[in-house]
Student: 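Let me give you the structure first, and then I'll get to my questions.
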Amino acid sequence: MTPTPVLLNVDDHEGARYARSRILSSAGFRVYDAGSARETMELVEKHRPDLVLLDVHLPDMYGIEVCRRLKEVRLDTSVMVLQISASALSAAHAKEALDAGADAYLMEPVDPDVLVATVKALLRLHQAERSLVHANRQLEIVNKELQRSNQDLQQFAIAASHDLQDPLRTMSIYTQMIAQEIGETLSEQHKGYLKWVMDGTTRMQALIHDLLAYSQVGREGRTQSIIELDGVVSAAISHLAEPMQAAGGVIEVPRPLPSVWGDPANLVSLFHNLLSNSLKYRAPERTLAIQVRAEQSSPVEWTIRISDNGIGISEDYHQVIFRPFKRLHGFGIPGTGVGLALCQRIVEEAGGRIWVESVPDQGSTFCFTLRAA
Ligand code: ADP
């Protein structure tokens, strides 16, 4: 059940105050009366009214000054004020009252229906203002919690990855030593076991590395700035120069590419991940051809497309491949399944979207938007 709205009816003229009070009480409001500014301030503190109906003329203070003071009182939201004045002085008062923060203004004599309708309209406005304040407070709380849990997660990821890397490094060193020192004397079966251990260690190291990168994308202190994509793409391609040459692949990049908003290290990682996927998932029967294109899709946005002529992806998987650990291939092709999730996080952190267009056996185009500089 919604509580009965509380009104404070302020007028030093007893007859006018009584008449207004009766109209409002019979309309279902709880009404308190005051005859002076001092009494008004006391009753506002005591009853926290939803609305104050305020006469312009009060014996101890100018009514419009009272309105200004009421607007400085912060209860849950600011107090709603309906200023009321004698008609003779109305035009000047109306402007003055609204400048002082009054929410509405009425002239005497006030028609009872107009009075009740105005009060109801102002109360609806007050309720909406309250709901907004409440929603904003909830949002602030959720935001703070999200920030805290993000920080916790980042701290956890750093600590966990450091503590996990250490024993893995030890395992890796000692399995390599076993392989070097007694590898030749082992049976084929034991050589196989040793290889499984070494592969597992390498995979685990890659997984920790990728998870750490994933958790660090939105890290505090990383700021977005204007970045020239030409430099970003060159850096990503140079990291892949060797395997790209070995595969005989060609990358076509029309220059100049645009400048966008982003974090430089994140953007290099984004292009590196997508280009190395094109390389990894190439079709063995044709020469790998990759194309990078940029198109201004709106005055504030560029769409970047990285196309390949690789094995392609069935439509059923176009969404799920962006989930962490989602892989469509077994361990025959190395990978952790974190790459595209990382790409999505980087793009979303920069304020964009990412998606794939692909036909199996023909190729894939990974598309993403970035904010124009
Ligand atoms: P990973 O490559 O480590 O498996 P990703 O998150 O980068 O993980 O990719 C998820 C899956 O999406 C891959 O396992 C692969 O099946 C598919 N995929 C990604 N890029 C391509 C591509 N260019 N062509 C075909 N399949 C791809």
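When reading the values below, keep in mind they use all heavy atoms of this one structure, side chains included, and skip hydrogens, waters and symmetry mates.
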Student: Looking at Y214, is R345 sitting on its ring face, NZ or CZ under 6.0 Å from the six-membered ring centre and within 45 degrees of the normal?
Tutor: yes
Student: Does the side chain of V233 reach to within under 4.5 Å of the side chain of L267, using non-hydrogen atoms?
Tutor: no
Student: What's the shortest heavy-atom distance between D33 and L43, and which atoms?
Tutor: O-CD1, 3.3 Å
Student: Looking at OH of Y281 and OG of S358, how far apart are the two atoms once the value is rounded to the nearest 0.5 Å?
Tutor: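 It is 12.5 Å, given to the nearest 0.5 Å.
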Student: Quick check on M61: does its CE atom have over 12 non-hydrogen neighbours (other residues, nucleotides or ligands) under 6.0 Å away?
Tutor: yes
Student: Between T40 and E45, is there a side-chain heavy-atom distance shorter than 4.5 Å?
Tutor: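 No, their side chains stay 4.5 Å or more apart.
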Student: Mind listing the closest non-hydrogen atom pair of A37 and V66 along with its distance?
Tutor: CB-CG2, 3.6 Å
Student: Check D230 with R255, please: is the shortest side-chain N to carboxylate O separation under 4.0 Å?
Tutor: yes
Student: What's the spacing between L257 CG and L229 CG if we round to 0.5 Å?
Tutor: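 L257 CG to L229 CG: 6.0 Å, rounded to 0.5 Å.
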Student: Is E65 paired with R69 through a side-chain N to carboxylate O contact shorter than 4.0 Å?
Tutor: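 Result for this pair is yes, salt bridge flagged.
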Student: Taking atom OH as the centre, does Y317 end up with more than 12 heavy-atom neighbours from other residues, nucleotides or ligands that are less than 6.0 angstrom away?
Tutor: no
Student: For side chain to side chain donor-acceptor pair (under 3.5 Å), just list the numbers for Y18 and E14, CA-CA rounded to whole Å, side-chain angles, deciding distance to a tenth of an Å, and then say yes or no.
Tutor: CA-CA 6 Å; Y18 177 71; E14 214 177 321; over 6 Å; no
Student: Does one hydrophobic cluster hold both L24 and L106, with members joined at side-chain heavy-atom distances below 4.5 Å?
Tutor: yes
Student: Between D55 and Q83, what is the shortest heavy-atom contact and its length?
Tutor: O-NE2, 3.9 Å
Student: Between R137 and E140, does any NZ, NE, NH1 or NH2 come within less than 4.0 Å of an OD or OE carboxylate oxygen?
Tutor: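 Between R137 and E140 there is no salt bridge, as every charged N stays at least 4.0 Å from the carboxylate O atoms.
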Student: Tell me whether I311 is reachable from L279 by hopping between hydrophobic residues (I, L, V, M, F, W, Y) whose side-chain heavy atoms are closer than 4.5 Å.
Tutor: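 L279 does not cluster with I311.
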Student: Is L211 close to S161 at the side-chain level, that is, under 4.5 Å between some pair of heavy atoms?
Tutor: no
Student: List the atom of W302, the atom of A372, and the distance in Å for their closest heavy-atom pair.
Tutor: CD1-CB, 3.6 Å
Student: So with a 6.0 Å cut-off around NE2 of H209, is the heavy-atom count from everything else above 12?
Tutor: no
Student: With no hydrogens and no angle check, is any side-chain donor or acceptor of K280 less than 3.5 Å from a backbone partner on I333?
Tutor: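 A pair under 3.5 Å: no.
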Student: When you look at NE2 of H134, are more than 12 heavy atoms from neighbouring residues, nucleotides or ligands closer to it than 6.0 Å?
Tutor: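 Not buried by this count: 12 neighbours or fewer within 6.0 Å.
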Student: For I227 versus G262, what's the shortest heavy-atom pair and its separation?
Tutor: CG1-O, 3.5 Å
Student: Mind checking whether V292 and R305 have side chains closer than 4.5 Å, heavy atoms only?
Tutor: no
Student: Given side chains that start at C-beta, do those of D50 and F29 come closer than 4.5 Å, heavy atoms only?
Tutor: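 No, every pair of side-chain atoms sits at 4.5 Å or beyond.
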Student: If hydrophobic clusters are built by linking Ile, Leu, Val, Met, Phe, Trp and Tyr wherever their side-chain heavy atoms come under 4.5 Å apart, do L51 and I23 end up in the same one?
Tutor: yes
Student: Can you establish whether the number of heavy atoms outside E242 located under 6.0 Å from its atom CD is more than 12?
Tutor: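 Incorrect, the count does not exceed 12.
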Student: Salt-bridged, R203 to D199, with N to O below 4.0 Å?
Tutor: no
Student: Looking only at side chains, do S25 and R20 share a donor and an acceptor under 3.5 Å apart?
Tutor: no
Student: Could E301 and R371 be called an ion pair, given the rule that one side-chain N must be under 4.0 Å from one carboxylate O?
Tutor: no
Student: Measure the CG-NE2 distance between L7 and H47 for me, rounded to the nearest 0.5 Å.
Tutor: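 Atom-to-atom, L7:CG and H47:NE2 are 12.0 Å apart.
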Student: Could you give me the CA-CA distance, side-chain angles and deciding distance for S187 and H190, then say whether side chain to side chain donor-acceptor pair (under 3.5 Å) is met?
Tutor: CA-CA 5 Å; S187 69; H190 288 143; 3.2 Å; yes
Student: Please check if atom NZ in K191 has more than 12 non-hydrogen atoms from other residues, nucleotides or ligands closer than 6.0 Å.
Tutor: yes
Student: Run the side chain to side chain donor-acceptor pair (under 3.5 Å) check on E39 and Y32 step by step: do they pass?
Tutor: CA-CA 11 Å; E39 219 182 329; Y32 293 98; over 6 Å; no
Student: Hey, are the side chains of F271 and H239 touching, using non-hydrogen atoms and a 4.5 Å cut-off?
Tutor: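 No; the side chains remain at least 4.5 Å from each other.
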Student: Between L8 and A34, which heavy-atom pair has the shortest distance, and what is it?
Tutor: CD1-CB, 4.2 Å
Student: Is there a side-chain contact between L340 and F366 (heavy atoms, below 4.5 Å)?
Tutor: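 A side-chain contact exists here, since the closest heavy-atom pair is under 4.5 Å.
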Student: Let me check something: do I313 and L274 share a hydrophobic cluster, defined by ILVMFWY side-chain heavy atoms less than 4.5 Å apart, either directly or through other members?
Tutor: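 Same hydrophobic cluster.
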Student: Do the side chains of V44 and P49 get nearer than 4.5 Å, heavy atoms only?
Tutor: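 P49 vs V44: side chains touch.
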Student: Counting only heavy atoms not in K120 (residues, nucleotides, ligands), do more than 12 fall under 6.0 Å from its NZ?
Tutor: no
